Amino acid sequence: MTGSKTFYLTTPIYYVNDVPHIGHAYTTLACDVLARFMRLDGYDVKFLTGTDEHGQKVEKSAMNAGIAPQEFTDRVSKNFRDLVSLMNFSNDDFIRTTEPRHIASVQELWRRLESAGEIYLGSYAGWYSVRDEAFYGEDELTTSPSGKKIAPTGAECEWVEEPSYFFRLSAWQDRLLEFYEQNPDFIAPAGKRNEVMAFVKSGLKDLSVSRTTFKWGIPVPGNPDHIMYVWLDALANYITAVGFPDESGEYAKYWPANLHMVGKDILRFHAVYWPAFLMAAKLAPPKRVFAHGWWTIEGQKMSKSLGNVIAPETLVNTYGLDQTRYFLLREVPFGNDGDFSHKQMVQRINGNLANDYGNLVQRSLSMIGKNCGAAVPQPGAFTEADDALLGAARNLLPIVRAEIRSQSFHKALDAIWAVIGDGNRYVDEQAPWALKKTDPARMATVLYVLAETIRHLAILTQPIMPEASAKILDQLAQGPEARGFDRLGAGGALVAGTPLPTPQGVFPRYVDEAKS
RNA sequence: GGCGGCGUAGCUCAGCUGGUCAGAGCGGGGAUCUCAUAAGUCCCAGGUCGGAGGUUCGAGUCCUCCCGCCGCCA
């Protein structure tokens, strides 16, 4: 699988203290589907995910748990590694920001920024609330009767000044705008791109990139009183994972990244700060950042207080793994916010998966099993209808490829499902059960066309639903070597006479227990 | 407050540079095949395309204003 075509994509590194929820699963799922697709399409793919393990809050949580920060993160980062196996993610690496490779990488990045004159030592001053651990702007504060400054949260603030290193972000405003202009696909969706550009146009201030108020982080080279700003630390994981500061090897092969997938809340860091850091360090910026949306649950925002946070495990256990993967990418145009509801999930499972896809496979394969000696039937000459269906199936790859590459997963699925619909219509029109008595040879041709169509569908649904698609391909006696996209089209066509196993249902209907 | 977006059939939404653009899916109603997971297929929605003006031979599709949502920024 080594070739000149490479594709490097990343999820954000997840804040290690979080408990994985549907949002984390969604982000990584989108990347997983893209990664699997590109691999099947012949690319040399590197797919990275991981955990962000530094910062004051981690330090405190560890203290509360009565253990050292490293031990604490070792423990909780497992939650995210478990998510990988739960969701059948195919990442090639799992990075943790506490790893030595990362510390070396970030410190080298710092040195390059510093030697390029992009970092200077100044002081960070402002109204600080110890209780909130946050700075507030003068205009956000109110004054109490006793003359104290009060934050919107009601916390008392004090004026503090601490030495801090700054990154000359203000100097990058014009170059960033130029970069956005020259790379119109750098930020997606388009609406988000406009927001980012408006933000940059409104003026950038130099960015504080070190703190002296906590210790759990990566020390600034040459001045260990300072701990690096968490985002500088976190963002650099993307180059750490390809071997930076070694710029040969994987770095040369994979960098710049083809895609950073992020939630919309962290777009600014990836679309403004990150390219600025990289360009300032004379490194190439990534090619694209995609900001996806949020999920609500049954119409309500997910929140701990409402108690409606959905664990990915719950979804998988309730509805099935591939069903969950399918739903998340089919239900909502990728990039938009979406709502998860039990009703819609059941609708998708029973309508799209069981009735449309599953049933097409089952009715076709079962007729072959019963009427064609459990082997791939011998086709005769193809009719116009046969060619139409086969043509639709064989033309799917370029359509699906274009959609997947632009992260329009829902459109890719729409295109595949259009052919599934064609397939079901074809069965009705050709009525092979009637041909069985009148024209067995024609029946064999019809069933062959169906099997060959299903082969295409199953190969193409592998990235979204790896397990279910594999089951279908098993039933067509297509081994692992016959499942790449290079086998799509007439060249990889099923060979008549190939013995087939007894077909089994792949997408069971979901029956609501409450109603039965 | 500034900038941007949105408001199209019950629901979720497609509709690029103005003239088959009044559509799809789901729900709902009706018909039908019987191979299949009580699955499939076919037909039916008369929605002033948020409101009011304007440009044009002609506007969901462009302009202005208003109303209602949402995002980003301050």
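Below, chains carry the letters A, B, ... as their sequence lines are ordered, and counting in each starts from 1. All of these numbers come straight from a predicted model, not from anything done at the bench.
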Between B/rC73, B/rG71, B/rU37, which nucleotide has the shortest distance from any of its atoms to the side chain of A/Ser202? B/rC73

Whole-Å gap separating P (B/rC26) and CG (A/Leu413): 15 Å

For atom CD of A/Glu298, is the number of surrounding heavy atoms from other residues, nucleotides or ligands below 6.0 Å larger than 12? yes

With nearest nucleotides of RNA chain B determined for A/Ser364 and A/Asp337 from heavy-atom distances, which residue corresponds to the more 5′ nucleotide? A/Asp337

Between B/rC16 and B/rC62, how far is it from one P atom to the other, in whole Å? 8 Å

By nearest-heavy-atom nucleotide on RNA chain B, the more 5' of A/Trp433 and A/Asn336 is A/Asn336

If we call it a pair only when both distances are under 3.5 Å in a Watson-Crick or G-U wobble match, what pairs with B/rC6? B/rG68

Are there more than 12 heavy atoms of other residues, nucleotides or ligands under 6.0 Å from atom NZ of A/Lys411? no

Please give the distance between the P atoms of B/rG19 and B/rA31 as a whole number of Å. 40 Å

Look at the side chain of A/Asn194 and decide which nucleotide, out of B/rC35, B/rU37, B/rG4, has an atom nearest to it. B/rG4

Pairwise C1' distance, B/rG28 and B/rU48 [rounded to whole Å]: 24 Å

Pair A/Thr11, A/Thr28: side-chain N/O donor-acceptor within cut-off below 3.5 Å: no

Between B/rC6 and B/rG60, how far apart are the two C1' atoms, rounded to whole Å? 13 Å

Using Watson-Crick geometry (N1-N3 plus N6-O4 or O6-N4) or G-U wobble (N1-O2, O6-N3), each under 3.5 Å, B/rG25 is paired with B/rC11

Nearest-Å distance once atom P is located in both B/rC49 and B/rU8: 11 Å

Whole-Å distance between B/rG71 P and A/Leu267 CG? 15 Å

Presence of salt bridge, A/Arg193 and A/Asp185, under 4.0 angstrom: no

Pairwise C1' distance for B/rG10 and B/rG47, with rounding to whole Å: 11 Å

How many Å lie between CZ on A/Arg330 and P on B/rG25, as a whole number? 11 Å

Is A/Arg175 paired with A/Glu178 through a side-chain N to carboxylate O contact shorter than 4.0 Å? no

Interatomic distance, A/Trp294 CH2 vs B/rC70 C1' [rounded to whole Å]: 16 Å

Assign the ring pair A/Trp159 / A/Trp127 to parallel, tilted or perpendicular, where the plane angle (0 to 90°) is split at 30° and 60°. perpendicular

Does B/rG1 pair with anything, Watson-Crick or G-U wobble, both distances under 3.5 Å, and if so, with which nucleotide? B/rC73

Check whether any side-chain nitrogen or oxygen of A/Arg268 sits under 4.0 Å from OP1 or OP2 of B/rC73, and answer yes or no. yes

Measuring only the P atom in each nucleotide, how far is B/rA14 from B/rC33? A whole number of Å is fine. 38 Å

Compare side-chain N and O positions of A/Gln347 against OP1 and OP2 of B/rC26 and report whether any pair is under 4.0 Å apart. no

Under-4.0 Å side-chain N/O to phosphate OP1/OP2 contact, A/Lys264 with B/rC72: no

Counter-base of B/rG60, judged by Watson-Crick or G-U geometry with both distances under 3.5 Å: none

Let me have a per-nucleotide readout for nucleotides 38-45 of chain B, 5' to 3', with B, S or -, counting only protein heavy atoms under 4.0 Å. -SBSS---

Mind checking A/Val506 for me? I need base, sugar-phosphate or nothing, with any heavy atom below 4.0 Å counting as a touch. base

State, without any angle test, whether A/Arg288 and A/Gln407 hold a side-chain donor-acceptor pair at a distance under 3.5 Å. yes

Rounded to the nearest angstrom, tell me the gap between atom CG in A/Leu447 and atom C1' in B/rC35. 9 Å

Within the 4.0 Å heavy-atom criterion, would you say A/Gly191 contacts the bases, only the backbone, or no part of the nucleic acid? nothing

Any salt bridge between A/Glu195 and A/Lys264, counting N to O under 4.0 Å? no

Whole Å only: how far is the CG atom of A/Asp265 from the P atom of B/rG71? 13 Å

Can you tell me the Watson-Crick or wobble partner of B/rU41, both distances under 3.5 angstrom? B/rA31

Minimum heavy-atom separation for A/Val332 and A/His410, please, with both atom names. O-CB, 3.9 Å

Taking the P atom in each of B/rU61 and B/rG15, what is the distance between them to the nearest angstrom? 15 Å

Between A/Arg442 and A/Asp386, does any NZ, NE, NH1 or NH2 come within less than 4.0 Å of an OD or OE carboxylate oxygen? yes

Within this structure, what is the NZ-to-P distance between A/Lys411 and B/rU12, rounded to whole angstrom? 20 Å

Quick one: classify the glycosidic conformation of B/rG68 as syn or anti, with syn meaning within 90° of 0. anti

Atom CZ of A/Phe340 to atom P of B/rC11: distance rounded to whole Å? 22 Å

Nearest listed nucleotide, side chain of A/Ser366, among B/rA36, B/rU34, B/rC72: B/rA36

